[in-house]
Amino acid sequence: MDEHIVILVIALIVLFYGYISKGLSRLNISGPMVFTGLGLLLSPLGLGITQVEVDAEFVTIVAELALVLVLFSDAALLDLSLLRRSWHIPARLLFVGLPITVVLGTFVAGYFFPELPHTSLLLLALLLTPTDAALGKAVVSDPKVPKHIRSSINVESGLNDGIIFPILLTVVALIMSGLSEAQDNQWISYVGQQIVFGALVGGVVGFIGAKLLIKANAAKLAESSYQNLIPIALAILGFYLAETLSGNGFIAAFFAGLYAGNTSEAAREHIENFAESEGELLVLVSFFIFGLAFAPMTLAYVTVDVVLYALLSLTVLRMLPVMVSLLGAKLDLSTMAFIAWFGPRGIASILYVLIVVHEMGSMEGLETVYAVVAVTVLMSIVAHGLSAQPLANWYSKKHK
């Protein structure tokens with residue numbers, strides 16, 4: 001692999017997309033669709049211009065950094081006062097819908113892939129549970145969509161990644177140890193520790209970082225042009241500090257953004273500027289690498305059952321648990337269906353697969369799992385990219 005060629009290709013694609021992005025958006029063609037498609041075109045599946053190993057260190061770093069910054073910036077743009085008033089929807093999605101999704105996904109996977117052990121079936125369900133608001137950007141950024149609905153979708157997307165991650169690592173450890181089930185309840189305390197420590201560390205980093213910015217601005221110490229760099233520093237600091245202190249770095253990144261954006265208006269403004277440029281670039285590069293490196297690796301293992309399960313994962317296995325979790329929430333059927341549909345699979349699933357490949361050392365034994373994830377993400381990129389703006393327009397008109 002020549003990393004310099006990959007970097008050059010990425011630069012050319014960014015230029016190409018930058019020139020025509022507005023025209024493509026009018027056709028409901030999203031950035032992830034373009035970058036993933038061009039990655040596939042240049043991969044061995046297409047023109048074969050360049051090849052990247054999926055377990056290359058820089059691939060994991062790019063995807064990890066992209067997810068950290070997406071979580072941070074998405075959380076920073078949430079209105080915490082609004083969230084306090086309408087917390088019941090995200091709570092239902094995370095604490096009722098999410099567990100049902102994992103259980104149902106595992107059970108149905110056992111029907112389609114009976115040859116896989118139970119731990120691998122659970123791993124597949126976990127990989128496909130986290131959602132990615134970036135693939136439905138038109139929904140979470142369109143002011144015509146009611147703010148509490150956008151906020152609920154964003155919060156779910158921001159927190160389900162971190163909740164799933166420690167459970168995912170536990171299942172990977174079980175697979176590697178050859179155990180079929182947990183020997184004790186230590187994994188429960190591990191998951192709790194990851195969530196609590198991650199939230200605390202992230203909240204402290206975000207709050208202190210925003211307060212320091214307020215003081216620096218009051219003393220006229222900070223140049224405005226450099227303040228757009230603060231978000232990336234706070235996000236990375238929260239992530240690595242939490243990981244060092246036995247917390248979950250992705251949850252820390254989310255809470256750092258949540259407190260930074262709701263503590264300082266200046267911080268929120270600079271984070272928004274950052275998210276629309278540097279953060280967006282990293283996300284798009286991650287989708288390019290997904291098309292270039294990961295998707296081609298799984299082609300040989302794609303079967304009819306793989307495609308059918310991927311289709312179910314984006315529809316019934318996502319929508320049914322969400323709609324069950326929202327029963328009694330005083331929402332009409334169109335709102336429940338709208339929230340249920342916008343559960344795209346993207347950056348988190350890609351990153352988690354890269355981590356599993358890295359931890360396991362090879363694809364052996366999990367080829368079907370990786371193939372399902374690849375097909376599901378590809379379907380989601382197209383389906384949610386094409387439907388985001390039309391459905392946002394439809395929903396906003398219906399709920400004027």
Side-chain angles (χ1 to χ4, degrees), residues 40 43-45 53-55 59-60 97-131 160 163-184 187 191 290-291 293-321 343-346 348-383:
L40 287 168
S43 75
L45 291 180
E53 295 298 326
V54 74
D55 57 352
V59 170
T60 304
L98 186 149
I100 296 175
T101 300
V102 173
V103 172
L104 185 61
T106 304
F107 177 78
V108 175
Y111 173 80
F112 280 94
F113 314 111
E115 73 281 1
L116 293 179
H118 295 307
T119 46
S120 296
L121 299 173
L122 176 57
L123 178 66
L124 174 58
L126 291 171
L127 287 170
L128 291 177
T129 296
T131 56
N160 59 16
I163 292 172
I164 289 295
F165 187 65
I167 305 174
L168 179 78
L169 291 181
T170 304
V171 172
V172 170
L174 290 175
I175 293 173
M176 293 179 68
S177 67
L179 299 175
S180 60
E181 57 184 33
Q183 298 292 321
D184 50 43
W187 70 272
V191 170
F290 166 73
F294 182 69
M297 179 187 76
T298 63
L299 178 65
Y301 308 103
V302 175
T303 63
V304 173
D305 284 341
V306 165
V307 174
L308 288 175
Y309 185 86
L311 185 61
L312 287 174
S313 178
L314 292 177
T315 53
V316 177
L317 301 183
R318 155 71 187 182
M319 298 181 72
L320 181 61
R345 268 22 82 76
S349 295
I350 294 169
L351 172 62
Y352 290 170
V353 163
L354 295 176
I355 291 172
V356 172
V357 172
H358 178 75
E359 292 291 326
M360 301 289 288
S362 71
M363 285 181 58
E364 188 175 352
L366 293 174
E367 296 90 346
T368 299
V369 171
Y370 298 144
V372 174
V373 173
V375 173
T376 305
V377 172
L378 285 171
M379 284 184 174
S380 183
I381 289 169
V382 176

For [X] and [Y], which heavy atoms make the closest approach, and how far apart are they?
X	Y	value
Met379	Val307	CE-CG1, 3.5 Å
Ala374	Ala295	CB-CA, 4.5 Å
Pro130	Tyr352	CG-CE1, 3.6 Å
Ala125	Gly105	CB-C, 3.9 Å
Phe294	Tyr370	CZ-O, 3.6 Å
Gly291	Pro296	O-CD, 3.3 Å

Is there a side-chain contact between [X] and [Y] in this structure, where contact means two heavy atoms from C-beta onward sitting under 4.5 Å apart?
X	Y	result
Val369	Val356	no
Val306	Tyr301	no
Arg318	Leu128	no

[atom1]/[X] to [atom2]/[Y] distance, rounded to the nearest 0.5 angstrom?
X	Y	atom1	atom2	result
Phe290	Leu354	CZ	CG	10.0 Å
Thr101	Leu320	OG1	CG	8.5 Å
Tyr111	Leu312	OH	CG	10.5 Å
Leu317	Ile100	CG	CD1	12.5 Å
Leu366	Leu116	CG	CG	8.0 Å
Ile167	Leu98	CD1	CG	7.5 Å

query = Does the side-chain contact (heavy atoms from CB on, under 4.5 Å) test come out yes or no for Asn160 and Thr131, once each step is laid out?
reply = CA-CA 7 Å; Asn160 59 16; Thr131 56; 2.9 Å; yes

query = Backbone N or O of Leu127 within a donor-acceptor pair of the Ser349 side chain at under 3.5 Å?
reply = yes

task = Spell out, as yes or no, whether a donor-acceptor pair under 3.5 Å connects the side chain of Ser380 to the backbone of Thr376.
result = no

request  = Show your reasoning for whether side-chain contact (heavy atoms from CB on, under 4.5 Å) applies to Val372 and Phe112.
outcome  = CA-CA 11 Å; Val372 174; Phe112 280 94; over 6 Å; no

